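Since the structure is predicted, the reported quantities are computational estimates derived from the model, not experimental observations.
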Amino acid sequence: TGISGVGGLVGYNSSGSTIANSHSSSTLNVGEFNAVIGGLVGFNGGTITNSYSTGPVTGGGQSFAVGGLVGENEQSAIISGSYSTSPVNLMSGGASAGGLVGINEGTIQSSSYATGSVSGDSNTINLGGLVGANGGTITMTHATGAVGGGGEVGGLVGLDNIGGMISNSYATGAVIASSGSGDAGG
C-alpha cells in the first residue's frame, strides 16, 4: 500500500504551495498503516510560515512519521516562524515522532519551536522534542517538552542522519529512554 498523509488542516502541501498565518486545534488519532501524520499538515513539500497547531496527535504502531505540526517536511520544503504545543504520542512499533516534525529533509528555521511532550514505548524509535529524524537543516529553533520512548531519543532530535545540520538550537525538556533502548541524548 502507499503512504497516506493526514493533517489537521491539510493532508499534503505540495511544492510551490504556501500555508501562512494558519492553525489547527484538531485532535488526530490515526491508526492507519504507513500514515504520515501532522497536527497541521501531513506531508509538506512547500512552505509553512507563521502557523501553529495545538491539538493532540497520536499515530498508530505502523505510523511512518508523526509530528505536532508536520508529519514529514520534504526536501526543499520550508517551515518558518511556526510552532506546535501539541502532545505527540507514537504507539508501539511506530517510527519517527517529533514535537514539531516527524521526519525533516527540508529546512526548519526562524524561531520555530515545540513545547508539547513526545512519548512512545520501548518498541518505538526516533523520538525528538522538535524532530524525530533529521536529514535536513534545523536552525534557530528550540524544544521544551519532555521526550520518552525507545531507541534514538533526544531532547531536540531523535536521530540526526548523514547530511543533517543543526545550528543555533536548544532543548530544555526531560529525556527518558525506555529500559534496554538504544541511544538517548539530552
Side-chain angles (χ1 to χ4, degrees), residues 6-8 23-31 35-41 51-61 63-73 79 81-104 108-109 111-136 138-161 164 166-186:
V6 180
H23 74 276
S24 173
S25 58
S26 298
T27 296
L28 298 180
N29 191 338
V30 181
V36 172
I37 307 157
L40 188 74
V41 174
S51 297
Y52 66 93
S53 60
T54 59
V57 180
T58 299
S63 297
F64 180 68
V66 181
L69 189 76
V70 172
E72 182 174 350
N73 195 46
I79 298 172
S82 298
Y83 69 91
S84 176
T85 63
S86 300
V88 175
N89 183 37
L90 186 60
M91 305 298 283
S92 185
S96 302
L100 193 72
V101 175
I103 296 174
N104 178 50
I108 303 172
Q109 64 185 13
S111 301
S112 294
Y113 66 91
T115 63
S117 62
V118 179
S119 59
D121 69 10
S122 61
N123 293 315
T124 57
I125 60 170
N126 306 341
L127 287 87
L130 190 78
V131 173
N134 179 53
I138 297 172
T139 184
M140 296 179 61
T141 65
H142 68 273
T144 61
V147 184
E152 288 76 53
V153 181
L156 191 74
V157 173
L159 172 67
D160 193 35
N161 280 313
I166 301 170
S167 65
N168 300 312
S169 298
Y170 66 91
T172 61
V175 177
I176 303 166
S178 300
S179 176
S181 67
D183 303 316

(request) Walk me through it: do V30 and S63 pass the test side chain to side chain contact (heavy atoms under 4.5 Å, CB included)? (result) CA-CA 8 Å; V30 181; S63 297; 5.9 Å; no
(message) Tell me the closest heavy-atom pair linking V147 and L127, and the distance in Å.
(response) CG1-O, 3.7 Å
(request) Might you point out which heavy atoms bring A143 and G155 nearest each other, and give the distance in Å? (result) CB-O, 3.7 Å
(message) Using every non-hydrogen atom in the two residues, find where G39 and S53 come nearest and quote the distance to one decimal.
(response) C-CB, 4.0 Å
(message) Let me confirm one number: the CG-CG distance from L100 to L130, rounded to the nearest 0.5 Å.
(response) 5.0 Å
(message) Tell me if a side-chain donor or acceptor on S26 pairs with a main-chain N or O of L28 at a distance below 3.5 Å.
(response) no
(message) Donor-acceptor pair, distance only, cut-off 3.5 Å: does the side chain of S119 make one with the backbone of G148?
(response) no
(request) Test V101 against every option in I138, V157, I79 by the side-chain contact (heavy atoms from CB on, under 4.5 Å) rule and name the one that passes. (result) I79
(request) For H142, check ring-ring contact (aromatic ring centres under 6.0 Å, His included) against everything at least two apart and list the hits. (result) Y113, Y170
(request) Search all heavy atoms of V36 against all heavy atoms of F64 and return the closest pair with its distance. (result) CG2-CD2, 3.7 Å
(message) Taking T172's backbone N and O only, do any of them form a donor-acceptor pair with T144's side chain (distance below 3.5 Å, no angle check)?
(response) no
(message) So which atom in S112 and which in I108 form the shortest heavy-atom distance, rounded to 0.1 Å?
(response) CB-CG2, 3.8 Å
(request) May I ask you to check whether S167 and T139 show a side-chain donor-acceptor distance below 3.5 Å? (result) yes
(request) Would you confirm whether S96, through its side chain, and A65, through its main-chain N or O, come within 3.5 Å as a donor-acceptor pair? (result) no
(request) Quick one: closest heavy-atom pair of S86 and G55, and the distance? (result) OG-O, 2.7 Å
(message) Is it true that S51 and S82 share a donor-acceptor pair across their side chains at a distance under 3.5 Å?
(response) no
(message) Using the side-chain contact (heavy atoms from CB on, under 4.5 Å) definition, which of the options L159, N161, N134 pairs with N126?
(response) L159
(message) Has T141 got a side-chain atom pairing as donor or acceptor with S169's backbone, closer than 3.5 angstrom?
(response) no
(message) Working note: T54 + S25, criterion side-chain hydrogen bond (donor to acceptor under 3.5 Å, both in side chains); need CA distance, chi angles, decisive distance, verdict.
(response) CA-CA 5 Å; T54 59; S25 58; 4.7 Å; no
